[in-house]
Amino acid sequence: MTDNIQTSAIMSAGMKVLRETLGILEAEIFITNVKNPGLDYTKWRENLCEDLTLHELLERAAVTEDKYGVPKNVEII
């Protein structure tokens with residue numbers, strides 16, 4: 001089980017990324033929707049990129065990185 005210090009650090013970093021990327025209002029909308037009990041996040045995510053080839057997915061990731069950068073403390077592998 002994750003300890004509270006690690007959980008707090010992840011939550012803090014995640015909120016910062018959401019605010020910087022989406023803005024405060026859109027970040028709150030995102031959180032509200034993710035917390036929706038009717039949303040099966042795993043199922044929603046399962047088909048998120050199914051129509052993309054690996055090459056297309058990597059290209060989109062590169063565009064996103066160029067646009068938003070890489071958050072601090074995220075290791076690029």
Side-chain angles (χ1 to χ4, degrees):
M1 184 170 154
T2 307
D3 65 8
N4 289 337
I5 294 171
Q6 185 178 9
T7 299
S8 294
I10 291 169
M11 293 295 290
S12 179
M15 286 301 300
K16 182 177 180 186
V17 170
L18 285 172
R19 283 192 317 269
E20 290 174 354
T21 304
L22 299 175
I24 195 88
L25 178 60
E26 288 80 3
E28 292 296 331
I29 292 169
F30 173 80
I31 292 166
T32 299
N33 283 298
V34 170
K35 287 177 58 178
N36 178 352
L39 174 70
D40 183 342
Y41 177 77
T42 303
K43 186 172 182 166
W44 170 80
R45 202 182 109 211
E46 194 173 83
N47 302 319
L48 187 59
C49 300
E50 72 178 359
D51 60 332
L52 299 177
T53 66
L54 179 57
H55 181 74
E56 291 169 326
L57 185 61
L58 292 172
E59 283 180 348
R60 288 188 183 192
V63 168
T64 301
E65 179 184 349
D66 289 344
K67 184 174 182 180
Y68 298 110
V70 177
K72 292 178 183 171
N73 301 323
V74 172
E75 181 180 349
I76 300 174
I77 57 171

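Nearest approach of Cys49 to Leu57, heavy atoms of both residues: SG-CD1, 3.8 Å. Across Val34 and Leu39, no two heavy atoms sit closer than the pair CA-CD2, 3.7 Å.
The cluster map of Ile, Leu, Val, Met, Phe, Trp and Tyr, joined by side-chain heavy atoms under 4.5 Å apart, puts Met15 and Phe30 in the same cluster.
Rounding to the nearest 0.5 Å gives a distance of 12.0 Å between CD1 of Ile29 and CG of Leu18.
For Thr64, the side-chain contact (heavy atoms from CB on, under 4.5 Å) partners at least two apart in sequence or on another chain are Tyr68.
Counting only residues at least two apart or on different chains, no salt bridge (charged side-chain N to carboxylate O under 4.0 Å, His left out) pair has a member in residues 51-62. For residues 5-19, the salt bridge (charged side-chain N to carboxylate O under 4.0 Å, His left out) pairs, not counting sequence neighbours, are Lys16-Glu20.
Counting only distance, with no hydrogens or angles, the side chain of Thr32 and the backbone of Glu28 share a donor-acceptor pair below 3.5 Å.
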